[in-house]
Amino acid sequence: MTTQQLTQQIFAKKSFLCIGLDVDLNKIPNHLLATEDPIFEFNKAIIDATHDLTVAYKPNTAFYEAYGLKGWMALEKTINYLNQKHPEIFTIADAKRGDIGNTSAMYAKAFLEDLAFDSVTVAPYMGKDSVEPFLAVKNKFTILLALTSNEGAFDFQTKDSNGKELYKQVIETSKTWENAENLMYVVGATKAEYFTEIRKIVPENFLLVPGVGAQGGSLSEVCKNGMSENVGLLINSSRGIIYASSDENFPEKAREEALKIQQEMAEILS
Ligand SMILES: O=c1ccn([C@@H]2O[C@H](COP(=O)(O)O)[C@@H](O)[C@H]2O)c(=O)[nH]1
């Protein structure tokens with residue numbers, strides 16, 4: 001998928017919502033636990049109920065890895081379902097990988113080629129040779145952690161390093177890497193006041209923005225400071241949507257929550 005296709009989808013759906021598929025077996029409705037593949041059945045129901053309101057889905061791989069082989073198979077079934085039924089929807093493997101070059105190349109193969117996600121999240125701190133193997137995969141995107149939504153972001157990311165905050169250095173340096181046009185960045189919605197500065201460095205790149213909903217970030221504040229000419233934002237909500245109900249009506253309730261955010265986005269885009 002290209003960023004132009006993503007932008008077209010955003011304007012067609014009047015949405016720049018990304019729904020996080022973070023499946024916790026302790027939180028999903030009980031009746032699903034009796035099915036052969038509860039994780040996939042849950043995801044399928046959420047996808048069927050929300051696909052017209054969202055432009056992206058983001059399974060966080062931790063929630064699949066935690067269930068061993070069954071979890072990994074459910075992840076594979078979920079991405080295959082999305083790619084077959086909704087190929088226009090942007091998919092993100094939120095895996096936060098990154099290692100020495102030959103290992104990163106294996107991660108890139110696993111998530112971008114074998115599982116065929118459109119993108120994968122990558123930690124930047126091992127530097128250029130740890131990220132370029134992801135960037136080398138054609139027509140795919142590497143979403144680099146820039147300024148994360150958690151409190152611990154202030155431990156290192158905002159610290160001054162040679163006269164500049166570390167997250168700014170990360171973004172600036174990453175622009176010099178090979179195939180940097182395939183970069184997007186994670187910036188937390190809980191850090192809305194930082195978006196203006198970030199846009200000075202990357203005026204056009206897409207930013208994946210987790211932290212609205214359960215973490216309390218503000219959609220309108222992020223949009224005010226972070227929206228680019230082509231929107232350039234993918235706003236993620238996971239728990240706030242997928243766990244809106246723990247009853248059999250969970251798909252309808254998830255849709256209601258997604259619709260609330262989509263309507264706010266439509267208003268902002270108008
Ligand atoms: O800075 C970051 C980077 C990633 N995440 C992930 O996004 C979702 C957020 O879930 P909510 O339930 O909407 O809070 C989750 O998968 C995180 O691991 C993040 O929150 N912040």
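In listed order, ligands and their atoms are each counted from 1. Along the sequence shown, residues carry numbers from 1.
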Run the side chain to side chain contact (heavy atoms under 4.5 Å, CB included) test against Asn179 and tell me which residues pass, sequence neighbours left out. Leu135, Ala136, Glu181, Asn182
May I ask you to check whether Asn150 has an N/O atom sitting below 3.5 Å from an N/O atom of ligand 1? no
The protein heavy atom nearest to atom 18 (O) of ligand 1 is Asn60 ND2, 2.9 Å
Say whether Asn43 and Thr78, considering side chains only, have a donor N or O and an acceptor N or O under 3.5 Å apart. yes
Provide, to 0.1 Å, the distance between atom 16 (O) of ligand 1 and the closest protein heavy atom, together with that atom's residue and name. Asp22 OD2, 2.6 Å
Please identify which atoms of ligand 1 are closer than 4.0 Å to at least one heavy atom of Lys96. 3 (C), 4 (C), 18 (O)
Tell me, which protein residue and heavy-atom name are nearest atom 10 (O) of ligand 1, and how many Å apart are they? Ser238 OG, 3.2 Å
Note: ligand 1 atoms sitting under 4.0 Å from heavy atoms of Thr148 are 1 (O)
Would Gln169 and Thr173 count as having a side-chain donor-acceptor pair, cut-off 3.5 Å? no
For the backbone of Gln5 and the side chain of Thr2, can you confirm whether one donor and one acceptor N or O come within less than 3.5 Å of each other? yes
How far is atom 20 (O) of ligand 1 from its nearest protein heavy atom, and which residue and atom is that? Gln215 NE2, 2.7 Å
Charged N to carboxylate O under 4.0 angstrom, Arg97 versus Glu65? yes
When you measure from atom 12 (O) of ligand 1 to every protein heavy atom, which one gives the shortest distance, and what is it? Arg239 NE, 2.6 Å
Atoms of ligand 1 close to Lys58 [distance to a heavy atom under 4.0 angstrom, numbered from 1]: 6 (C), 7 (O), 8 (C), 15 (C), 16 (O)
How does Asp94 reach ligand 1, if at all, at less than 4.0 Å between non-hydrogen atoms: by side chain, backbone, both, or neither? side chain
Identify the closest protein heavy atom to atom 21 (N) of ligand 1: which residue and atom is it, and at what distance? Ser149 OG, 2.6 Å
Does ligand 1 have an atom under 4.0 Å from some heavy atom of Asn236? yes
Regarding Asp52 and Arg255, does a basic nitrogen lie under 4.0 Å from an acidic carboxylate oxygen? yes
Listed by chain and number, what are the ring-ring contact (aromatic ring centres under 6.0 Å, His included) partners of Tyr167, not counting sequence neighbours? Tyr194
Is Lys224 close enough and on-axis enough to Phe195, meaning under 6.0 Å and within 45°, for cation-pi? no
Only heavy atoms of Pro210, strictly under 4.0 Å: list the atoms of ligand 1 that pass. 1 (O), 2 (C), 3 (C), 4 (C), 5 (N), 7 (O), 19 (C), 20 (O), 21 (N)
Ion pair present between Glu172 and Lys175, side-chain N to carboxylate O less than 4.0 angstrom? no
